Amino acid sequence: MSDTSVAGPELAYRATQNAVVRRLCDGYARHDLDAVVSVYTEDVHYEEKTLRWDLHSRDEVRDQLGVWFAATSELTMSSLDSIHAAGRAGVLWRYTGTLHSGHRFDCPGMSQYTFTSDGQISHEIVMWNLADLPERAAKDMGLNPATPYSLFAAWAANGRGTAAARLADDVRA
């Protein structure tokens, strides 16, 4: 069904933006980290407000999202609702998953995306509430719900030795 109140160019960018979000959701559903990070530009600016990530490349995004993928046997992202403007979209989403420990989680949040003209994400601001993640799931993922600013205690487990892993070690020390 088409929305007759929406002009042709607006329909086009909505379709492009929705296709990118579908690619994200499909990548999560397939547990395919490469598919997820492929929607981002090489120099993406990825701001994850809850965990205080301020990432500036696709490789940094891969390193950090890799922790979530490594901790889970199942991870899905569902798009619940969205608003669109030329080059931008706000998406309400829900992450669900199963950790290797068997614990399940169901966590809502939202992202604000900025898109390039060819449909890649050049900037994302992610917001969710750490309290929405069950305490046991947070601990299994290496998060300390009492001190979310301590970030992931398990960052070093991804084996990449990123600056974020070193920062997490410094914060814990």
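As a basis for the values below, the full set of heavy atoms in this structure was taken, side chains included, without hydrogen atoms, waters or symmetry mates. Treat the numbers as computed from the prediction; the structure is a model and nothing was measured.
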Inset, instruction - Specify the closest pair of heavy atoms between Ser82 and Val91, including all atoms of both residues, with the distance to one decimal. - result: CB-CG2, 4.0 Å
Inset, instruction - Using a 4.5 Å cut-off on heavy atoms from C-beta on, say whether the side chain of Val37 contacts that of Leu33. - result: yes
Legend entry - Gap separating the OG atom of Ser38 from the CZ atom of Arg23, nearest 0.5 angstrom: 4.5 Å
Inset, instruction - Before giving the answer on side-chain contact (heavy atoms from CB on, under 4.5 Å), spell out for Val44 and His123 the whole-Å C-alpha distance, their side-chain angles and the decisive distance to 0.1 Å. - result: CA-CA 6 Å; Val44 64; His123 189 199; 5.7 Å; no
Inset, instruction - For the pair Arg58 and Asp43, evaluate salt bridge (charged side-chain N to carboxylate O under 4.0 Å, His left out) and give the outcome as yes or no after the intermediate values. - result: CA-CA 6 Å; Arg58 186 187 292 170; Asp43 63 346; over 6 Å; no
Legend entry - From CZ (Phe105) to CD (Glu74), nearest 0.5 Å: 8.5 Å
Inset, instruction - Can you see which heavy atom on Phe69 is nearest to which on His31, and at what distance? - result: O-NE2, 3.0 Å
Legend entry - Whether over 12 other heavy atoms sit under 6.0 Å from Arg104 CZ: yes
Inset, instruction - Find out whether Phe115 and Tyr13 are in side-chain contact, i.e. whether some heavy atom of one side chain is under 4.5 Å from a heavy atom of the other. - result: no
Inset, instruction - Might you work through the side-chain hydrogen bond (donor to acceptor under 3.5 Å, both in side chains) test for Ser73 and Thr98, ending with a clear yes or no? - result: CA-CA 6 Å; Ser73 59; Thr98 304; 4.9 Å; no
Inset, instruction - State, to 0.1 Å, how close Thr16 and Gly119 come at their nearest heavy-atom pair, and which atoms those are. - result: CG2-CA, 3.8 Å
Legend entry - Atom pair OG/CZ of Ser57 and Arg62 - distance to nearest 0.5 Å: 10.0 Å
Inset, instruction - Of all the heavy-atom pairs spanning Asp54 and Glu60, show the shortest one and how long it is. - result: O-OE1, 4.2 Å
Inset, instruction - Could you grab the distance from atom CG of Asp26 to atom OG1 of Thr76, nearest 0.5 Å is fine? - result: 11.5 Å
Legend entry - Nearest atoms (heavy-atom pairs only) where Thr72 meets Leu75: OG1-CB, 3.7 Å
Legend entry - Worked verdict on Trp93 versus Ser78 for side-chain hydrogen bond (donor to acceptor under 3.5 Å, both in side chains): CA-CA 5 Å; Trp93 46 256; Ser78 303; over 6 Å; no
Inset, instruction - For the residue pair Trp128 and Trp68, categorise the inter-ring angle as parallel (less than 30°), tilted (30 to 60°) or perpendicular (more than 60°). - result: perpendicular
Legend entry - Leu92 versus Met110, closest heavy-atom pair with distance: CD2-CB, 3.6 Å
Legend entry - Linked, directly or transitively: Ile125 and Ile83 (ILVMFWY side chains, under 4.5 Å): no
Inset, instruction - Can you measure from OG (Ser79) to CG (Leu24) and round to the nearest 0.5 angstrom? - result: 9.5 Å
Legend entry - Check ion pair Glu47-Lys49 (N to O, under 4.0 angstrom): yes
Inset, instruction - Please examine the side chains of Arg94 and Asp106, heavy atoms only from C-beta on, and report whether any two atoms are closer than 4.5 Å. - result: yes
Legend entry - Between NE2 on residue His84 and CD on residue Gln17, distance to nearest 0.5 Å: 5.5 Å
Inset, instruction - Would you please classify the geometry between the Tyr46 ring and the Tyr40 ring as parallel, tilted or perpendicular, with 30° and 60° separating the classes? - result: perpendicular
Inset, instruction - Take Val126 and Thr50, measure what side-chain contact (heavy atoms from CB on, under 4.5 Å) needs, and give me the verdict at the end. - result: CA-CA 8 Å; Val126 180; Thr50 301; over 6 Å; no
Inset, instruction - For Gln120 and Thr41, run side-chain hydrogen bond (donor to acceptor under 3.5 Å, both in side chains): C-alpha distance rounded to whole Å, both residues' side-chain angles, the deciding distance at 0.1 Å, then the answer. - result: CA-CA 6 Å; Gln120 284 194 294; Thr41 60; 5.9 Å; no
